There are 2 protein chains.
Amino acid sequence: MATIRELARQCGVSVATVSRVFNNPEVVNPDTRQNVLRVAARIGYLPNESARTLATKKSYMIGLVWDTHHRRPGWRHPFLQEILIGLKTALSERGYHLLMLATSDGEGSHDRAVRRHNLDGVVFIDNGTQDPALLRLAESGVPCVSLDRPITGPRATHVISDNAGGARTAVEHLYERGRRAIATIAGPGRTVPGAERLAGYRAALAGLGLPARDGLVVEGDFYLSGGYAAMRRLLEADERPDAVFAAGDEMAIGAMRAIAEAGLKVPEDIAVVGFDDIELAALVQPGLTTVAQDKAGFGTAAAATLVAMIDGTAAVPPPPSVLPTALIVRGTA
Amino acid sequence: MATIRELARQCGVSVATVSRVFNNPEVVNPDTRQNVLRVAARIGYLPNESARTLATKKSYMIGLVWDTHHRRPGWRHPFLQEILIGLKTALSERGYHLLMLATSDGEGSHDRAVRRHNLDGVVFIDNGTQDPALLRLAESGVPCVSLDRPITGPRATHVISDNAGGARTAVEHLYERGRRAIATIAGPGRTVPGAERLAGYRAALAGLGLPARDGLVVEGDFYLSGGYAAMRRLLEADERPDAVFAAGDEMAIGAMRAIAEAGLKVPEDIAVVGFDDIELAALVQPGLTTVAQDKAGFGTAAAATLVAMIDGTAAVPPPPSVLPTALIVRGTA
DNA sequence: CGGTTACATGAAACCGGTTACACGCAGAGA
DNA sequence: TCTCTGCGTGTAACCGGTTTCATGTAACCG
């Protein structure tokens with residue numbers, strides 16, 4: 001394993017010069033620099049990141065906190081893969097790596113892992129309940145970005161979709177298609193996306209001059225079964241809606257199932273619009289019209305914000321990133 | 001930030017003793033040990049992993065090489081999330097972390113990242129074509145585990161499902177349901193799972209005394225559209241099969257679509273069995289009967305093998321792990 | 001021509017751990 | 001009593017980088 005001293009010896013310069021060649025190339029004489037680089041390539045020198053981190057306290061590693069416990073078995077994050085791709089790509093373009101932090105690891109909670117590994121920042125993906133270790137972490141001033149849920153701290157922010165705007169778009173689309181009795185299957189009120197999408201739905205109705213009828217609002221759980229059950233409640237009500245905006249695609253598909261079972265047709269009898277644009281949305285029949293989230297955008301926005309915070313080129317605390325949504329029109333509305 | 005010297009000072013012992021308390025507790029006097037631990041907890045001492053790695057050359061980090069390039073856009077690994085959970089959990093139980101390696105990063109290829117970060121091992125997930133950097137890595141003696149595809153090297157092995165066995169099970173199940181003209185939609189012949197599942201299909205036919213008719217074998221691409229196209233070809237043939245084993249669930253669902261469009265019913269006219277047990281399999285109607293892979297098993301087996309190699313308690317090279325499959329009977333066969 | 005300045009480089013301390021080796025001491029055996 | 005052993009501990013070198021500060025040299029200026 002070639003070390004910096006070995007390389008320095010072979011080049012006839014000091015280790016300080018070699019170090020500068022890699023970290024501060026412009027201060028070293030071009031000839032010297034070329035020579036060092038040539039010899040480095042020949043002997044296969046690679047700087048040791050551990051030594052580097054030890055000296056500089058910068059690891060170029062970002063922690064990924066992705067809680068999987070307290071979930072129902074079989075639960076999957078709808079966009080994990082896309083987010084990961086976005087994160088990985090955007091971070092690596094900036095020279096950072098992603099370290100997956102264990103959930104309940106032997107080294108205690110996440111804040112410890114951050115200190116032990118000199119992590120430069122952390123991204124929370126789908127942190128369920130407010131974990132005290134995470135709050136402590138965010139409060140401690142470590143750059144943090146949370147996906148889909150707000151978080152506070154001196155250098156903490158979040159990235160989230162324009163949930164309210166997306167919901168508005170969905171409702172307005174239904175309106176344009178001539179629907180007037182527009183119901184919604186909302187997400188759990190305690191979740192931020194659930195609350196925001198419901199607010200967007202209400203705002204849209206108000207904007208369109210439609211009455212807000214309580215019977216048209218039912219709450220689901222973001223799962224297919226919850227959407228199914230919610231739709232059945234809507235169908236049993238006195239006045240049947242002619243359209244439904246589901247705050248999540250899985251619920252929308254559950255709703256479609258319930259509608260079909262009731263002998264009704266989508267979209268003729270009841271139009272359906274979902275939210276998320278999960279893979280399945282394009283595969284069901286008819287294809288689900290839905291409000292697409294910018295999945296990779298979560299990753300890239302998180303990476304950009306994080307690096308800006310680390311470099312100190314971001315406002316403190318930085319404003320949240322709000323990702324635009326896009327209505328994808330398929331067959332259900 | 002408390003360092004080991006600070007802790008040693010406060011305890012009135014040397015740094016060597018403190019270090020031993022954490023790494024070799026049994027050699028230090030119980031009273032001394034207790035005291036060190038108490039003071040450590042009080043001042044919040046945490047060992048610095050970079051310094052540790054620098055001194056020991058062990059990082060307790062495993063690299064994750066997950067290539068996403070050269071893929072069609074929108075492509076998703078069917079089990080990424082489950083594998084990740086399995087990996088993360090199993091590794092963290094053994095004190096290891098997972099470092100996601102950038103695909104085409106600034107630091108060159110993967111083997112460099114391994115050396116730079118003193119990685120203890122690497123897992124390849126879904127490495128498409130044979131990347132020379134990966135082969136070099138495996139040859140170099142770094143512990144490597146590849147998922148779903150074989151790899152060779154002094155300390156390299158792979159974990160794979162019992163593809164042939166699973167395919168046999170599927171075909172035998174169709175036979176038991178009375179089907180005799182059993183077709184298959186195979187995966188691409190160049191892929192290992194594709195080839196193995198086709199071999200299992202053939203072996204099953206032979207074992208059951210059924211003739212192997214060329215017209216009953218068509219090749220797909222593991223995607224829904226490929227399965228659809230393949231099924232159409234099967235339907236156009238002279239003698240229509242009464243059952244089809246698709247080497248992947250997506251293809252199976254594509255096939256179901258083609259069958260429905262042809263005015264035929266599943267499973268009455270044509271029974272369908274898939275392979276993988278993707279999420280969608282339970283959601284289509286009728287539910288897809290399929291050969292389930294042990295998704296989390298990939299992660300846990302990889303972690304166990306890797307750690308065994310690192311600890312030197314594994315054969316060299318270690319034998320591949322072959323994960324059992326399980327037939328899940330739903331509505332299509 | 002003396003003095004200032006800019007530039008390129010080197011010596012050495014430092015980051016925070018691990019560990020080989022030496023050492024002091026108590027108890028055992030001769 | 002003297003040596004031998006083994007246990008518990010400390011000293012100091014080492015891992016492989018970065019960075020402060022000092023130094024030598026050449027160019028520049030009045």
Side-chain angles (χ1 to χ4, degrees), chain A residues 1-37 39-40 43-61 95 97 107 112-120, chain B residues 1-37 39-40 43-61 95 97 107 112-120:
Chain A
M1 207 36 187
T3 73
I4 197 174
R5 286 173 226 273
E6 171 64 12
L7 177 54
R9 199 185 57 71
Q10 294 211 24
C11 295
V13 300
S14 73
V15 294
T17 298
V18 174
S19 177
R20 283 190 276 256
V21 165
F22 291 104
N23 300 309
N24 239 4
E26 62 278 7
V27 307
V28 24
N29 178 296
D31 293 344
T32 315
R33 189 200 312 157
Q34 291 307 324
N35 185 247
V36 169
L37 290 175
V39 177
I43 70 176
Y45 167 76
L46 289 177
N48 181 316
E49 292 298 331
S50 305
R52 208 180 228 279
T53 299
L54 178 58
T56 60
K57 298 186 167 348
K58 229 174 128 20
S59 64
Y60 286 96
M61 291 197 297
H97 286 269
E107 54 192 13
R112 302 207 190 195
V114 170
R115 287 173 51 204
R116 287 176 75 125
H117 292 95
N118 298 292
L119 299 185
D120 297 334
Chain B
M1 211 30 190
T3 74
I4 197 174
R5 286 174 226 273
E6 171 64 12
L7 176 55
R9 199 185 58 71
Q10 293 211 23
C11 294
V13 298
S14 73
V15 294
T17 298
V18 174
S19 178
R20 283 189 276 256
V21 166
F22 291 104
N23 300 308
N24 237 4
E26 61 279 5
V27 307
V28 22
N29 179 296
D31 293 343
T32 315
R33 189 200 314 157
Q34 291 307 324
N35 185 247
V36 169
L37 290 175
V39 178
I43 69 175
Y45 167 76
L46 289 177
N48 181 316
E49 291 299 331
S50 305
R52 207 180 230 278
T53 299
L54 177 59
T56 61
K57 287 166 178 5
K58 230 176 126 18
S59 64
Y60 286 96
M61 291 198 297
H97 287 268
E107 54 193 14
R112 302 207 191 194
V114 171
R115 286 173 52 204
R116 287 175 75 125
H117 293 94
N118 298 292
L119 299 184
D120 297 333

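Small disclaimer: the values here were computed from a predicted structure and weren't measured. A note on names: the letters A, B, ... follow the listed sequences, proteins ahead of strands, and every chain is numbered from 1.
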Gap between atoms [atom1] and [atom2], on [X] and [N] respectively (whole Å):
{"X": "His117(B)", "N": "dG17(D)", "atom1": "NE2", "atom2": "P", "result": "13 Å"}
{"X": "Leu54(A)", "N": "dC14(D)", "atom1": "CG", "atom2": "P", "result": "17 Å"}
{"X": "Leu46(B)", "N": "dG17(C)", "atom1": "CG", "atom2": "C1'", "result": "13 Å"}
{"X": "Lys58(B)", "N": "dT19(C)", "atom1": "NZ", "atom2": "C1'", "result": "17 Å"}
{"X": "Ile43(B)", "N": "dG16(C)", "atom1": "CD1", "atom2": "P", "result": "13 Å"}
{"X": "Asn118(A)", "N": "dT18(D)", "atom1": "CG", "atom2": "P", "result": "15 Å"}
{"X": "Ile4(B)", "N": "dG17(C)", "atom1": "CD1", "atom2": "C1'", "result": "6 Å"}
{"X": "Leu7(A)", "N": "dT18(D)", "atom1": "CG", "atom2": "C1'", "result": "15 Å"}

Exercise. Which nucleotide, dG10(D), dG17(D), dC15(D), lies nearest any side-chain atom of Ser14(B)?
Worked result: dG10(D)
For this session: Between dG17(C), dT19(D), dG17(D), spot the one nearest the side chain of Thr3(B), thanks.
Result: dG17(C)
For this session: Would you jot down, in residue-number order, the residues of residues 16-34 of chain B having a non-hydrogen atom under 4.0 Å from DNA chain C?
Result: Ala16(B), Ser19(B), Asn23(B)
To the nearest 0.5 Å, what is the distance between [atom1] ([X]) and [atom2] ([Y])?
{"X": "Ser14(B)", "Y": "Arg9(B)", "atom1": "OG", "atom2": "CZ", "answer": "14.5 Å"}
{"X": "Thr56(B)", "Y": "Glu49(B)", "atom1": "OG1", "atom2": "CD", "answer": "8.5 Å"}
{"X": "Leu7(A)", "Y": "Gln10(A)", "atom1": "CG", "atom2": "CD", "answer": "7.5 Å"}
{"X": "Met61(B)", "Y": "Ser50(A)", "atom1": "CE", "atom2": "OG", "answer": "6.5 Å"}
{"X": "Ile4(A)", "Y": "Arg52(A)", "atom1": "CD1", "atom2": "CZ", "answer": "9.0 Å"}

For this session: Heavy atoms only: give me the nearest Ala2(A)-Tyr45(A) pair and the separation to one decimal.
Result: O-CD1, 3.5 Å
For this session: Verify side-chain contact (heavy atoms from CB on, under 4.5 Å) between Arg20(A) and Thr17(A), making sure each step is shown before the conclusion.
Result: CA-CA 5 Å; Arg20(A) 283 190 276 256; Thr17(A) 298; 4.0 Å; yes
Exercise. Closer than 4.0 Å, any side-chain N/O of Lys57(A) to the OP1 or OP2 of dT18(D)?
Worked result: no
Seminar exercise, completed: Mate of dC29(D) across any strand shown (Watson-Crick or G-U wobble, both atom pairs under 3.5 Å) is dG2(C)
Seminar exercise, completed: As its Watson-Crick or G-U partner within any shown strand, both distances under 3.5 Å, dG10(D) has dC21(C)
Exercise. Is a donor-acceptor pair below 3.5 Å formed from side chain Arg5(A) to base dG17(D), judging by atom type as modelled?
Worked result: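 Donor-acceptor pair under 3.5 Å: yes.
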